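In what follows, a single structure is set out as structure tokens and then discussed.
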Amino acid sequence: MTAVLERLDLPPGLPEEEAMLVRTVRQMSEDVIAPRAAHHDRTAEFPWENVKAINQLGLNAMYVPEAYGGAPVSYSAYLACVREISRACAATGSVWMTNFHAMKPLIDFGSEEQKARLLPRIAEGGLASLCITEPHAGSDATGMRTRFTADGDQIRIDGGKTFITNGDVADRYLLFGKWSGIEDLRRAISTVVVEGGTPGLTVVRTEDKMGIRASSTATLAFEDCRVPRANLLGEPGDGLRILLASLNKSRPSIAAHALGIARAAFEDGIAYINERKQSGRRIVEFQGIQFLLADLASELALCERWLWHVGALVDAGEREFGIEASILKLRASDLAMRVTTEVVQLLGGYGYTRDYRAERLMRDAKITQIWEGTNQIHRQLIGRSFIRK
Ligand SMILES: Cc1cc2nc3c(=O)[nH]c(=O)nc-3n(C[C@H](O)[C@H](O)[C@H](O)COP(=O)(O)OP(=O)(O)OC[C@H]3O[C@@H](n4cnc5c(N)ncnc54)[C@H](O)[C@@H]3O)c2cc1C
């Protein structure tokens, strides 16, 4: 069975040079990132050394076009790297994948001038934030209140965002808000890029979290914060279209993060029950336990295959894959929660202590059901898609 899962470690048909890249990322994650994960969980210190190790391999470049300092590879290879890093440390995985989530809309919707000005810093290892959520606008992002007001060749930003990953450390912020003067509230949503250190942008607080503790989560305030009008993506009112297209590409990456956590937990559980004996037998020899393993392994195998299926759709240029992405995000995150909880159970009392990482993986897994659309919202999106127009 282990061999069955190992065959799913790489997307099928990945070119050899991309497979080599994923293997290198795996090795680096195991050697450098994993050994520090417990420390970062305990202290909640931002994992700067891990960011440095990621940048030594130049990993941000893998999704930035060559013209702006990148060396792009397939989306499937990117997903495989998210999974490997998250398997070693979910907090670091979330820091790294957020750079992609925030910069992909700039890559897909930005002008040549914007990309030439704003992307090289990311290609060389900068951090980025995607700013959608507000205190009163979570699942329904259209309720956002942050305002963009045109003022000559500038845009004035007033408002606030909450729960922003990398929010206190980012070099680039992809920010959604409403354009003053557009009446229809959905059509008012617009997107600007704010550079780190811009006056008027302040960090109000960072959260003390259950899991992914070393990934920073910030509340931001924008008060008379001004960016050049040249930092507007597309036209005023293009924001909702940009938002929906971007989420489709970030949700599979959330699933890769969840599956990295799930695989780490599954492997820990298998190792433990092959050693631990009760009633003169190894725990793995009890049939009741074997049924559980069969269920978890089957779910893992199918979910990992679906990850590569969605990756392949994106690589083939498919644009309509929102429901596939929702199915993936929903199942992968529910599975991560289930596997990690079952593995704590498999470790018995030891699973409840910090001597093993199972309890951390369980805490880390929880966020995957909440962010990038809660799983209730994904169930709604999938179910709603069957309503005939
Ligand atoms: C650690 C962390 C990092 C995050 N990073 C980012 C980030 O980088 N950028 C960003 O913009 N946001 C980020 N978020 C925000 C995250 O995406 C939101 O928390 C999430 O979308 C849910 O919004 P909410 O917390 O306001 O919950 P609510 O929307 O208030 O939901 C509360 C509950 O009600 C349920 N609910 C809501 N609406 C419905 C409905 N229509 N039908 C059924 N149930 C419903 C929800 O599923 C949930 O269970 C992050 C959050 C956390 C915790």
Side-chain angles (χ1 to χ4, degrees), residues 40-41 44 46-47 82 86 89-105 127-146 159-178 189 191-194 196 201 203-222 239-240 242-244 246-251 253-255 257-258 261 325-326 329-330 333-334 336-337 360 363-384 387:
H40 283 294
D41 175 59
F46 188 80
V82 171
S86 308
C89 173
T92 304
S94 80
V95 169
W96 185 62
M97 72 184 176
T98 299
N99 298 335
F100 171 86
H101 301 169
M103 290 295 97
K104 190 63 180 155
L127 294 167
S129 276
L130 176 68
C131 311
I132 305 168
T133 307
E134 298 185 3
H136 302 285
S139 296
D140 179 12
T142 62
M144 66 178 70
R145 295 176 188 169
T146 294
K161 295 284 170 185
T162 199
F163 293 142
I164 302 306
T165 303
N166 295 345
D168 57 338
V169 289
D171 300 287
R172 303 280 180 269
Y173 297 82
L174 191 95
L175 177 68
F176 289 85
K178 286 191 174 148
I189 297 175
T191 319
V192 301
V193 180
V194 181
L201 159 57
V203 177
V204 178
R205 56 174 275 164
T206 53
E207 305 299 335
D208 184 3
K209 303 190 297 295
M210 171 196 286
I212 54 161
R213 288 175 46 73
S215 155
S216 65
T217 308
T219 293
L220 306 175
F222 296 87
L240 193 58
I242 295 174
L243 180 72
L244 297 176
S246 319
L247 289 176
N248 283 349
K249 297 245 173 79
S250 54
R251 285 168 175 167
S253 144
I254 297 293
H257 181 250
I261 299 169
S326 281
K329 191 275 179 188
L330 168 69
S333 57
D334 280 353
M337 200 63 236
R360 182 185 89 228
R363 288 185 285 106
D364 288 343
K366 185 62 201 171
I367 187 60
T368 67
Q369 294 178 306
I370 295 174
W371 61 9
E372 294 273 330
T374 66
N375 282 4
Q376 285 94 330
I377 296 300
H378 285 286
R379 288 193 162 85
Q380 212 168 72
L381 290 170
I382 297 163
R384 198 161 74 188
I387 300 176

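Start at 1 and go down the list; that is how both ligands and their atoms are numbered. All values reported here derive from a predicted model rather than from experimental measurement.
Below 3.5 Å of separation, one finds no N or O of Asp140 facing any N or O of ligand 1. For ligand 1, the polar-atom distance check against Phe163 finds a nitrogen or oxygen pair separated by under 3.5 Å. Residue Lys209 places no N or O, backbone or side chain, under 3.5 Å from any N or O of ligand 1. The shortest N/O to N/O separation between Ile212 and ligand 1 does not fall below 3.5 Å. Below 3.5 Å of separation, one finds an N or O of Gln380 facing an N or O of ligand 1. At least one N/O-N/O distance between Gln376 and ligand 1 falls below 3.5 Å.
Of the protein's heavy atoms, at least one falls inside 4.0 Å of atom 51 (C) of ligand 1. At a distance under 4.0 Å, no protein heavy atom can be found next to atom 30 (O) of ligand 1. Within a 4.0 Å radius of atom 35 (C) of ligand 1, the protein contributes no heavy atom.
A donor atom on one side chain and an acceptor atom on the other are not found under 3.5 Å apart for His257 and Thr368. In summary, the side chains of Ser94 and Ser215 do present a donor paired with an acceptor at a separation below 3.5 Å, with no hydrogens or angles considered. Side-chain atoms of Asp168 and Ser216 include a donor-acceptor pair closer than 3.5 Å. If you check the side chains of Thr146 and Glu134, you find a donor sitting under 3.5 Å from an acceptor.
For the atom pair CD1 of Ile164 and OG1 of Thr217, the computed distance is 9.0 Å after rounding to the nearest 0.5 Å. Put simply, NZ on Lys161 and OG1 on Thr133 are 7.5 Å apart, with the number rounded to the nearest 0.5 Å.
Contacts between Ile132 and ligand 1, counted as non-hydrogen atom pairs separated by less than 4.0 Å, involve both the backbone and the side chain. Within the 4.0 Å heavy-atom criterion, neither part of Glu207 lies near ligand 1. Contacts with ligand 1 closer than 4.0 Å are made by side-chain heavy atoms of Ile367 only, the backbone lying farther away.
Under a 4.0 Å criterion applied to the non-hydrogen atoms of Ser139, ligand 1 contributes the atoms 23 (O), 28 (P), 29 (O), 31 (O), 37 (C), 38 (N). Atoms of ligand 1 lying under 4.0 Å from any heavy atom of Thr374, numbered from 1 in the order shown and given with element: 22 (C), 46 (C), 47 (O). Short contacts between ligand 1 and Ile377, defined as distances under 4.0 Å to a heavy atom of the residue, involve ligand atoms 38 (N), 39 (C), 40 (C), 41 (N). Contact atoms of ligand 1 toward Ile370: 20 (C) (distance under 4.0 Å to a heavy atom of the residue). Atoms of ligand 1 found under 4.0 Å from any heavy atom of Glu372, numbered from 1 in the order shown, are 17 (O).
Here the side chains of Thr165 and Trp371 are in contact, with some heavy-atom distance below 4.5 Å. Between Met337 and Asp334 the shortest side-chain heavy-atom distance does not fall below 4.5 Å.
A salt bridge is absent between Asp41 and Lys209: the closest approach of a Lys/Arg side-chain nitrogen to an acidic carboxylate oxygen does not fall below 4.0 angstrom. Ionic pairing of Arg213 and Asp208 is present here: one or more N-O contacts between side-chain nitrogen and carboxylate oxygen are shorter than 4.0 angstrom.
Looking only at distances, no side-chain donor or acceptor of Lys329 sits under 3.5 Å from a matching main-chain atom of Thr374. A donor-acceptor contact shorter than 3.5 Å links the side chain of His378 to the backbone of Glu372.
The single protein non-hydrogen atom nearest to atom 24 (P) of ligand 1 is Gly138 CA, 3.9 Å, given as residue, atom name and distance. Ranking protein heavy atoms by distance to atom 9 (N) of ligand 1, first place goes to Leu130 O, 2.8 Å. Atom 8 (O) of ligand 1 has as its closest protein heavy atom Thr165 N, 3.0 Å.
With Thr217, Thr133, Leu175 as candidates, the residue nearest to atom 11 (O) of ligand 1 on a non-hydrogen basis is Thr133.
Remark: Arg145 engages no residue in a salt bridge (Lys or Arg N to Asp or Glu O under 4.0 Å) (not counting sequence neighbours).
Proximity of Thr98 to ligand 1 is not established, as no heavy-atom distance is less than 4.0 Å.
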